Amino acid sequence: MITWSGREYGGVRAAEGPVWARLRDRITASDPGLLRLAAGSRTAGAIALTLAVLGVLRAPVAHLVAGAIASMVATFAIREKQRPEQAVTLALGLLVALVSVSLGALLNTRVVAGDLFFVALIFCAVYSRRFGDRGTALGLIGFQIYFLSLFVGATPATLPGLYGVIALAFACSAFVRFAVVYETPAGILQRLREAFRVRLAQLVAAQTALLDAGPDEVDKVLAEVRDRTARLHETAMMIQGRLEEGTSDEAFARTVQRRIADAEIAAERLGLMLLGARSAERANTLTLHLPGAPAPAGGPSPVRDEQADTLRRDLSALRMLVLRPVGEGGGTAMAHVRNRLLGYREEENLPPATPAVQDVFRAVGEAARAVLGLRIALDGPQDESDDTPATARSREELDAENAAIEGAEESEGEEERATGLRRPTTRAAVQVSVGSALAIVGGEFLSSQRWYWAVLTCWIVFINTSSTGEILVKGYRRLLGTVLGVVAGIVLAGLVGPHTWTALALVLVFVFAMFYTAPLSYTLMSFFVTAALGLLYTLLHTYSLSVLVLRVEETALGAACGVVAAALVLPVRTDLRTNDLLGTVLERLTDVADAAVDQLSGGPPADLLDQARDLDRALGDLRAATQPLTHPITPLRARRSTAQYVVALLETCAYHARSLAATAELLPSHPSIAADPRLRPACGRITRNIAAIGAHVSDEHATVEVEAGPSIASLLETDGSGARRYDRITGRVLRHLQRLDEAVVGLARPLGVPVAARKQ
């Protein structure tokens with residue numbers, strides 16, 4: 001008997017496993033691929049090793065501080081995924097660092113020349129981002145090491161010692177990166193796949209809670225389902241970004257991509273079917289994607305009848321299948337669980353229930369099939385001795401799909417590139433240079449010795465931002481984190497006092513926390529940076545309350561200079577950028593829907609999943625660009641609601657487009673699924689409406705209208721009796737097309753696009 005979470009299922013109990021295993025799953029789900037843990041450990045480890053060696057050598061405190069900063073920069077600046085490229089960049093970075101600290105020491109006393117060079121260095125550092133990860137890393141190292149020379153007051157006389165410290169810091173960083181915190185692309189991909197598995201199980205658990213939630217709890221539980229759906233999608237995108245480097249087998253990479261997409265779509269569909277089961281009427285698919293939206297109206301209280309108990313049991317069984325460790329078979333009992341769930345796909349043993357609840361059982365079967373496909377792709381051949389005919393057919397379908405994937409050829413596309421000042425890196429370099437010049441002038445008025453804090457803030461608020469609104473939000477978050485960090489620095493400086501190694505130990509803790517929280521909260525990251533700097537000031541015997549207050553003033557000045565430069569120099573308004581990105585999303589949506597329906601209508605095969613992921617990436621860029629509009633501090637509440645609603649509708653569109661693409665890719669490998677030429681004209685209205693919305697986004701004076709009409713299914717031909725003729729797969733395609741059509745028409749209202757009268 002297998003034990004699992006206290007619930008019986010055909011003599012099987014779901015395994016809870018030891019406490020450490022549950023803790024591991026929590027960490028895996030919260031930090032996919034353990035990327036944040038690795039980044040924090042690698043950086044803190046490099047600093048600790050550098051300080052340990054310098055401590056043995058009895059280096060002065062100034063060298064300890066310089067070594068800590070240099071090792072931190074040498075570690076976090078390197079972003080390449082392959083180890084040989086990392087080693088080359090680290091070696092080149094050492095040369096750049098030595099040149100940068102030399103120029104900093106030589107120009108430290110020459111105010112005008114030093115300031116002009118600093119501005120030129122900033123321009124080059126930002127412009128170098130156009131040359132990829134290596135250019136970004138070298139530019140970052142050059143800027144940060146020049147900043148280090150200003151921070152420790154480097155002079156020509158101190159250069160020999162600083163050379164040794166920087167070389168040692170880079171060597172320690174290399175040792176920790178390549179020998180201690182050992183990461184390979186294949187290992188990262190493996191951990192990301194494990195994170196996907198755990199997050200999928202967490203989503204199924206949240207969906208089970210949605211089934212059981214009472215009227216007072218359903219909105220809270222639905223918010224949890226939304227959050228875990230978004231987390232699963234995030235992990236799928238991370239896996240997509242690592243497939244090329246994580247495996248040299250192209251066929252295996254494409255198979256994993258397909259199985260991850262299948263599982264994601266099946267899980268999202270299960271959530272939608274559960275919403276439908278709780279709704280008195282057909283559930284609006286937007287409910288799953290719109291943050292803060294209430295559950296469907298008319299949702300009943302949890303039902304404790306036999307069908308509901310069976311559904312709860314099956315959802316727990318599905319979660320068990322997902323969480324089953326790699327290589328663990330589970331015997332006959334596990335096969336019984338799997339076979340039962342897979343049978344729902346083919347209408348086997350469907351419990352007598354309402355159509356909406358039966359749709360949930362079918363969705364459970366589809367999810368079980370996706371889990372089986374994912375396990376076959378990742379773990380290899382499975383034990384087939386206990387297969388039922390339904391399970392055997394599922395395996396045959398998966399094998400046929402895998403064979404079709406292995407024979408597919410990837411298509412290559414070309415990207416248009418902007419030139420001149422329209423190039424993002426050029427524009428950003430000019431903006432940062434102007435903002436830094438303003439920060440230097442203003443910072444000199446505040447302090448002739450610590451003016452560089454304003455420049456550092458101006459530099460940082462421009463990193464990974466593309467519009468004035470994004471820079472404003474980032475500047476606000478940095479200022480808030482700095483203020484809180486100053487308060488913490490005051491308390492810690494009083495507690496630590498003259499204890500050097502205690503202060504350095506706390507700096508290590510803060511550095512780890514800084515990198516661990518950076519992807520989660522920029523405010524938290526700024527807090528830990530400022531708290532660590534307060535301790536470094538204490539070590540350099542330059543700590544005082546006035547210094548920390550000056551830090552806040554310089555930070556506020558740098559953020560203000562960044563916003564002014566972004567607003568006045570080659571500005572990119574937030575609404576213009578979001579419109580551009582919205583246009584890109586609409587183009588990608590058209591590409592996916594059009595290509596999927598064309599293949600479903602009998603057209604040639606296309607690389608649909610890659611197109612769907614391009615749509616997801618474009619939507620992710622749009623979601624990030626709308627953050628200034630959706631931020632809680634924005635005074636434009638109406639625009640905030642509109643932006644949230646539009647993004648939610650687009651996420652709904654993306655889900656249905658992904659589902660169409662996944663269904664279309666089944667055609668070459670499934671003889672039971674036939675192309676239906678009638679789908680092509682049925683999709684025409686959707687693509688025309690997307691084009692109409694895109695025209696209004698690019699030109700507010702456009703006169704084209706969105707066309708609302710009869711249901712997609714009614715556009716298909718009927719036989720003489722008026723009965724519509726299409727199989728189950730075509731019916732599913734029609735449902736996705738119908739929801740896509742409704743969501744596209746729904747985009748018209750918030751975007752101000754006129755809707756033509758319904759045609760009779």
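Owing to the predicted nature of the structure, the values given are computational and were not obtained by experimental measurement. Along the sequence shown, residues carry numbers from 1.
For the residue pair R134 / T89, a side-chain donor-acceptor distance below 3.5 Å is found, with atom types taken as modelled. For T136 and R129, the side-chain atoms include no donor-acceptor pair closer than 3.5 Å. Between the side chains of Q202 and R199, not a single donor N or O lies within less than 3.5 Å of an accepting N or O. Side-chain atoms of D616 and Q240 include no donor-acceptor pair closer than 3.5 Å.
In this structure, the side chain of R36 engages the main chain of Y516 through a donor-acceptor pair within 3.5 Å. Judged by distance alone, with hydrogens and angles left aside, the side-chain atoms of Q599 form a donor-acceptor pair with the main-chain N or O of A664 at under 3.5 Å. Not a single donor-acceptor pair under 3.5 Å links the side chain of R228 to the backbone N or O of L203. Side-chain N or O atoms of R79 include one that pairs as donor or acceptor with a backbone N or O of F76 at under 3.5 Å. Counting only distance, with no hydrogens or angles, the side chain of Q86 and the backbone of E80 share a donor-acceptor pair below 3.5 Å.
Contact check on D314 versus R319 returns no salt bridge, with no Lys/Arg side-chain nitrogen under 4.0 Å from an Asp/Glu carboxylate oxygen. Ion pairing between a basic and an acidic side chain is recognised when a charged N comes within 4.0 Å of a carboxylate O; E183 and R42 show such pairing.
A 6.0 Å sphere centred on CZ of F178 holds more than 12 heavy atoms belonging to other residues, nucleotides or ligands.
Of all the heavy atoms in A657 and L615, the pair that sits closest is CB-CD2, 4.0 Å.
In this structure, R242 and L35 have side chains that are in contact, with non-hydrogen atoms separated by less than 4.5 Å.
When each of R231, R259, R613 is checked for a salt bridge (Lys or Arg N to Asp or Glu O under 4.0 Å) with E264, only R613 meets the rule.
In this structure F170 satisfies the ring pair (Phe, Tyr, Trp, His ring centres under 6.0 Å) test with no other residue, sequence neighbours excluded.
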